[in-house]
Amino acid sequence: MQNNTAEKLDVNRYLLDGLNPEQREAVITLDKALLVLSGAGTGKTKVLTTKIAYIIENGYAFPSQILAVTFSNRAAREMKERIFNMTPGADAVWLGTFHSICAKILRNNADLIGLSNNFTIIDTDDQLKLIKQILKELNVDKKVANHVANAISRWKDKCIRPNDPRVDATSIEGKIYAIYQERIFSYDSVDFGDLLMYVVRIFKENAHILQKYREKFRYILVDEYQDTNMSQYMWLRMLSPIGAGLCCVGDDDQAIYSWRGAEVGNILRFEKDFMNTKIVRLERNYRSVGHILGAAASLIAKNATRLGKTIWTDGDSGEKVIIQRAYNGFDEAKIVAEKIEKLRKDSVAFGQMAVLVRAGFQTREFEERLIAYGIPYKVVGGLKFYDRQEIKDLIAYMRLIYQTNDSLAFERIVNIPKRGIGASAFSKLHTRAIERNISLFQASKEILGENSLRPLVTESLTTFIKFIESMRGQKDLPPAQIAKIILDETGYMNVLTNEKTLESQTRIENLKELLIALEDFEDLPTFIEHVSLVTDSKRNSTDDVVSLMTLHSAKGLEFEAVFLAGWEEGVFPHSMSLQEGNLEEERRLAYVGITRAKKYAFITYAMNRKVYNQWQSDLPSRFLAELSTEHVVHSKGKTGR
DNA sequence: CGATAGTTGCTTTTT
DNA sequence: GCAACTATCG
């Protein structure tokens, strides 16, 4: 890693020459705790990736001494690719989401909190199932399950354990939390919140472990710092090298995740929290034309709590933001579809267009219209590949083979495909598992030993248990092979093949696709870790299709043309946010939406909309009036009626 | 036990 | 308007 000065000069010319002065400063400042306030479209990814390459190429640290944390897997993947292009050895950089990094650390230290090192990570679905189960045991209405799940997640976001005085142990939520935590622990499983909470706990209780990681990571880079929650913040503070080596990048104007525990306060407090700090503002926008940027800026200026940035561009002022009224939701979709066709004729690629909506269900009417018009599209972040029933079933088998105590996986597939183990048999297993505080797998073996089940049930349960055990003997086979054996031997594939419906056809297709994806994984643990933490199947590819997605999932992306639909009071800003008094976050969401556009931004709103299958009339969103009139134009185009 | 018909409640946003 | 859950019967 010894470079002489002349070489350094060359390296840095190569790395830094394309950067503006602020970007360059953000890259080369290494001796301070640095906060980069990066406006939309100002090149923060470029800064982050260049900074990593800069550290490596100049020999300030080995790749393995750099920790780079992102919020989404997509961002991590993008960053990885870009660093690869700049510097060799980038694989050794610790780059990933908070959750994936924590999973890695936790796996190496699981014994310290009494977990095995092959614990499984459960998703929101399993979490909810478990909570419903507990509610049932306590004879509480299952309606509150979502609410309780949310409360538990919020506690975990703050590293608050069930026995913490801040948890009211007499409340339903508090009671469930205690049982839930005990139960999930006995399954040798953790949920998303646990990943952070446990690692923070390990760091707190084991000074030498913390010390080890503090010495390891010379440089820590954090993307989307405005979206960190309390536990992530605690984690960072413990790990951060004092007064230097930390670089947080974020934009308080794009803080849109308070509902999942993110605290904008973290970014607002940065200077107080860390010693020897420096703030660099990136305000020069390279993405959007002047009118779009102007419209976005006029909107976000209405927010009171801001660190304050003035984004500017010296590019073209371009087209104004077009606002168009529609008679109803169907007409809105029609207007958008026709605009898409027109832009396509003006040679804007489909892949450079996106329809952004406030809530997931809104994509449907657009889908229908786009299908009718023959416009290719994809729903981003909608139904996720790994969330499909058949995929989850197969993965549950793999989880159970990997970790027999994973009772949530056991429950999912003990009777799939149907093998005669119905509700009453299952409840016997369940009761035993609870009584003896053992897993369903162990409970099954116990009960089978007592020979108290009906003969047919005994037989099929025995076959099931034996199958899992025999697979455990082969768990070192390549995951694709394991999957094939499961699908064949359990009869899962047969059942689907015999069904011969359209649905079963797509299920088979999905499973085949999974088998192909499995080829990329060397062993079972690696794959299971991957599915637990990665929500999308990676073939996002470069298909030339229109993207449909929520505003939340659009963060970090950019398109030539963006359609912002459903700007009506109650839809956007969403009625729940209005009730909660969270208007500023909705406005930031609007800001994120507009700033995704490079050249064209269209905003539409409908006067009437069908909600719950009932027509209601809506008022235009208040945000429309907040857009500076010099940057917008109201289209007089037909409203579809 | 499993298939079927009937009932409910749901829609903010996600790692 | 639909998915997910519940009750009922063979």
Side-chain angles (χ1 to χ4, degrees), chain A residues 69-76 96-103 121-125 127-129 132 136 141-147 149-150 153-154 156-157 190-196 223-224 227-229 231-232 255-262 356-365 368 380-384 386-387 389 415-427 453-457 460-461 531-536 549-556 566 570-580 582 585-586 588-590 592-593 609-614:
Chain A
V69 196
T70 62
F71 269 77
S72 66
N73 294 294
R74 187 186 67 207
T97 59
F98 271 104
H99 292 91
S100 69
I101 303 279
C102 282
I121 302 165
I122 68 165
D123 63 11
T124 325
D125 251 33
Q127 200 178 358
L128 211 57
K129 251 187 222 161
K132 280 183 185 163
K136 200 173 176 185
D141 195 340
K142 274 193 233 168
K143 264 187 266 179
V144 297
N146 275 309
H147 169 75
N150 209 41
S153 296
R154 293 297 78 78
K156 290 191 174 184
D157 287 341
V190 303
D191 62 22
F192 285 127
D194 283 338
L195 287 170
L196 263 299
D223 194 10
E224 311 279 15
D227 289 331
T228 46
N229 63 31
S231 63
Q232 288 159 340
I256 54 174
Y257 283 109
S258 72
W259 52 271
R260 69 172 199 212
L356 308 185
V357 293
R358 177 64 181 85
F361 73 94
Q362 289 173 267
T363 54
R364 247 180 62 190
E365 41 197 4
E368 280 164 22
V380 178
L383 50 139
K384 287 168 194 117
Y386 290 129
D387 278 349
Q389 185 186 305
N415 201 29
I416 288 181
K418 298 241 183 313
R419 46 172 77 89
I421 302 167
S424 80
F426 179 77
S427 103
L453 295 169
R454 286 169 39 193
L456 273 167
V457 175
S460 57
L461 186 58
V531 280
S532 313
L533 294 167
V534 174
T535 42
D536 50 349
M549 66 185 116
T550 63
L551 288 159
H552 281 89
S553 40
K555 186 154 82 154
V571 178
F572 187 41
H574 194 276
S575 52
M576 291 212 179
S577 299
L578 290 173
Q579 277 167 35
E580 290 161 11
N582 216 351
E585 181 148 317
E586 292 287 299
R588 291 193 288 266
L589 206 44
V592 167
R609 197 172 283 279
K610 217 174 187 178
V611 180
Y612 281 122
N613 208 24
Q614 276 213 320

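Given the structure is predicted, the values throughout are model-derived calculations rather than measurements. Sequence lines set the chain letters: A, B, ... in the order given, protein chains first and strands last, and positions in each chain run from 1.
- Closest contact between the side chain of A/Lys132 and the listed nucleotides B/dT12, B/dT15, C/dC5 involves C/dC5.
- Which of C/dC5, B/dT15, B/dG9 sits closest to the side chain of A/Lys143 comes down to B/dG9.
- Atom CG in A/Leu551 sits roughly 11 Å away from atom P in B/dT13 (whole-Å rounding).
- Of the candidates B/dC1, B/dT11, B/dT14, the closest approach to any side-chain atom of A/Arg454 belongs to B/dC1.
- Of the candidate nucleotides B/dT13, B/dC1, B/dT15, B/dT15 has the atom lying nearest to any side-chain atom of A/Ser72.
- Nucleotide B/dT11 holds its P atom 7 Å from the CG atom of A/Asn146, rounded to whole Å.
- When distances run from any side-chain atom of A/Lys142 to the nucleotides B/dT11, B/dC1, C/dT6, the shortest one goes to C/dT6.
- Rounding to whole angstrom units, CZ of residue A/Arg260 and C1' of B/dT12 are separated by 13 Å.
- Between A/Ser100 and B/dT15 there is no side-chain N or O to OP1 or OP2 distance below 4.0 Å.
- Both A/Asp141 and A/Ala425 lie close to DNA chain B; mapped to their nearest nucleotides by heavy-atom distance, the more 5′-ward contact belongs to A/Ala425.
- Backbone-only engagement by A/Asn415 is indicated by non-hydrogen atom pairs under 4.0 Å involving sugar-phosphate atoms exclusively.
- Checking B/dC1, B/dT14, B/dT11 against every side-chain atom of A/Met576, the shortest atom distance belongs to B/dT11.
- For A/Lys418, counting side-chain heavy atoms from C-beta on, the closest listed nucleotide (B/dT15, C/dG1, B/dG2) is B/dG2.
- The base of B/dT13 is paired with the side chain of A/Trp259 by a donor and an acceptor separated by under 3.5 Å.
- Across all strands, A/Glu580 comes closer than 4.0 Å to base atoms (heavy-atom distances).
- Here A/Lys555 lies out of heavy-atom contact (under 4.0 Å) with every strand.
- Backbone-only contact: A/Ser424 has heavy atoms under 4.0 Å from sugar-phosphate atoms and none from a base.
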